[in-house]
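Take a look at the structure set out below.
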Amino acid sequence: MNSLNKFPEGFLWGGATAANQMEGGFHKGNKGLNIADVLPGGKERLNVLKQPGFDFEIVPGKYYPNHEGIDFYNRYKEDIGLFAEMGFKVYRMSIAWSRIFPDGNEAEPNEEGLAFYDRVFDELHKYGIEPVVTISHYEMPLNLVKEYGGWRSREVIGYFETYVNAIFNRFKDKVKNWMTFNEINSALHFPIMSMGFSIENEENKYQSIFQAFHHQFVASSLAVKACHEIIPDAKIGCMLLSAPIYSYDSNPENVMFALDEERIFNFYCGDVQVRGEYPAYAERFFKKHNISLDIREGDLELIKNHPVDYVGLSYYMSFTQKKDKTGLNMAQGNLFEGVKNPFLQASDWGWEIDPTGLRVILNKLYDRYRVPLFIVENGLGAYDKVEEDGSINDDYRIDYLRSHIKAMAEAIEDGVDLMGFTSWGCIDLVSASTGEFSKRYGFIYVDKHDDGSGTLKRSKKKSFYWYKNVIESNGEKL
Ligand code: BG6
């Protein structure tokens, strides 16, 4: 396909990050500890995420990469200046809940935390960049985790409501674009990061996770309601980890298996948050897994009356599934695994690269929901090499993004209403799943390494100049 000018005027080009993966300053400005502050770095993190019984403590002498991140807390002016140089129209970021409510359950917000985000939003506006803010991105206050069991507890809904009211009231003139829970559906595989609990041995994992989802759905609707009341000209979306699930072959058994997996993983949360009601297929799934939800009076009405305005999504890869996986090679992926797809190449971390999969999932989501879609994460995690002259020639990243942007253009041509695209990790940051710095996504290189060494100096990669051109030409020059 030639690079066609398929992108509407006002298409929201930009980049995306999350507070816990880049801010650092983990104890500055009265910030409280959050989940990310107790996750170790390196491959050890994946084991923690997979195993039951995590104790959420900081172990003295252990290295915690999120504590310093890339020091955005002190360097935000320089970083935003670089985003502006690339021509960002929007910048997706998150507010660290524990900066605003250090223990999560205070009655009043922490002024120093609010003031920090005031400075960040003002700096963005100086360059005409609109913030797109995720309210909760893998950074629940640790006190809520330890004292309440995270989203297991219904009480947390009230604390979340206090938090969203505080930020909507404070930032109502500065932020018009919001998202509730980052990759809400990712909890199906790893509840630690977004729900704040790990599964104990013998526990009915699905009972706990689906009950916690219900609490988040109620919280999400309360946030939508508050957002519309406090900032009538704002939009608020959900955020789904989106990965089409292919059947391994045309065996109808496998097709049905893939459909079931796709519904529960990709669509269950969106079905509730966008359509405002539990889907028909949920009943059978609940029966099969002995799930009985505690739904209180008024919950379903609230969910029905306050669906989200749009769907934010992350897309990195597709998955292939087969009922019986015996003897098959598996492909590692974004928080879970599938069967290896013989038609696809994988990244350095084993994530299968599939630009057409993006077109597939955009079409599926739009067919299903008919609300605007916003790709708020996509990108390639790769090792970068700094040449002797200081240049970083990340052609592999450019190729990845080019092919995905082409797929977006095709999806728009298919009829999908796409609001924008924010590339993940527009500046190198700590990886969420592995806690590594060496898994780099950025257009901007940060001199920081897996052992914590590095000067934190920023430099522009080849992709920096390429993306600047993409934005300048509204997606025409790829
Ligand atoms: C998404 C998350 O799962 O993917 C981000 O929303 C994360 O927080 C991104 O960083 C890439 O994953 P990873 O594990 O490579 O950092």
Side-chain angles (χ1 to χ4, degrees), residues 15-23 34-37 39-50 65-66 69-70 72 91-97 132-140 179-195 237-243 265-266 269 311-319 331-337 346-353 358 361 374-384 396-397 400-401 404 421-442 446 448 450:
T17 61
N20 78 88
Q21 290 170 256
M22 50 112 67
E23 277 180 7
N34 62 37
I35 294 169
D37 291 325
L39 293 178
K43 308 282 184 208
E44 196 196 336
R45 178 173 292 192
L46 266 180
N47 295 332
V48 163
L49 296 179
K50 278 182 192 153
N66 299 63
I70 56 161
F72 179 80
Y91 170 50
R92 175 185 176 227
M93 52 179 276
S94 67
I95 291 181
W97 185 352
V132 174
V133 174
T134 319
I135 295 168
S136 179
H137 190 136
Y138 298 159
E139 50 218 341
M140 182 182 230
M179 260 170 287
T180 52
F181 297 104
N182 181 65
E183 293 187 335
I184 181 167
N185 52 327
S186 67
L188 194 62
H189 295 281
F190 292 111
I192 286 189
M193 289 196 295
S194 61
M195 287 182 164
C238 57
M239 199 301 208
L240 308 174
L241 192 170
S242 297
F265 183 71
N266 276 304
C269 294
V311 171
L313 64 128
S314 64
Y315 176 80
Y316 293 93
M317 60 185 297
S318 55
F319 285 92
Q332 291 307 313
N334 189 3
L335 300 177
F336 66 115
E337 57 178 24
S347 76
D348 293 342
W349 272 261
W351 296 18
E352 291 184 326
I353 299 171
L358 176 57
I361 196 69
F374 192 169
I375 300 168
V376 294
E377 281 190 37
N378 171 247
L380 179 70
Y383 294 108
D384 287 334
Y396 36 89
R397 184 167 292 109
Y400 179 100
L401 289 169
H404 285 75
F421 174 81
T422 59
S423 175
W424 175 252
C426 48
I427 179 165
D428 291 347
L429 38 62
V430 182
S431 150
S433 60
T434 67
E436 293 163 304
F437 283 104
S438 52
K439 190 178 189 188
R440 298 176 181 276
Y441 286 87
V446 179
K448 184 80 181 162
D450 292 343

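Just follow the structure's listing: the first ligand is 1, and inside any ligand the first atom is 1.
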Q) What's the shortest heavy-atom distance between G435 and P65, and which atoms? A)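 Taking every non-hydrogen atom into account, O-CG, 3.4 Å.
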
Q. Heavy-atom distance to atom 12 (O) of ligand 1: which of W351, W424, F190 wins?
A. W351

Distance filter under 4.0 Å to [X] heavy atoms, resulting ligand 1 atoms:
X    : value
Y441 : 11 (C), 12 (O), 13 (P), 15 (O)
E377 : 1 (C), 2 (C), 4 (O), 5 (C), 6 (O), 9 (C)
S431 : 13 (P), 14 (O), 15 (O), 16 (O)

Under 4.0 angstrom from ligand 1, any heavy atom of [X]?
X    : result
W349 : no
L241 : no
H137 : yes

Does [X] reach the side chain of [Y], with side-chain heavy atoms less than 4.5 Å apart?
X    : Y    : answer
I375 : L358 : yes
Y138 : S186 : yes
T180 : S136 : no

Q. Between Y91 and T17, is any side-chain donor less than 3.5 angstrom from a side-chain acceptor?
A. yes

Q: To the nearest 0.5 Å, tell me how far N182 CG sits from I135 CD1.
A: 12.0 Å

Q | Reported CE-to-CE distance for the pair M93 and M22, which is rounded to 0.5 angstrom | A | 8.5 Å

Q) Looking only at distance, does A432 have an N or O less than 3.5 Å from an N or O of ligand 1? A) yes

Q: Specify side chain, backbone, both or neither for N182, according to which of its non-hydrogen atoms lie closer than 4.0 Å to ligand 1.
A: side chain

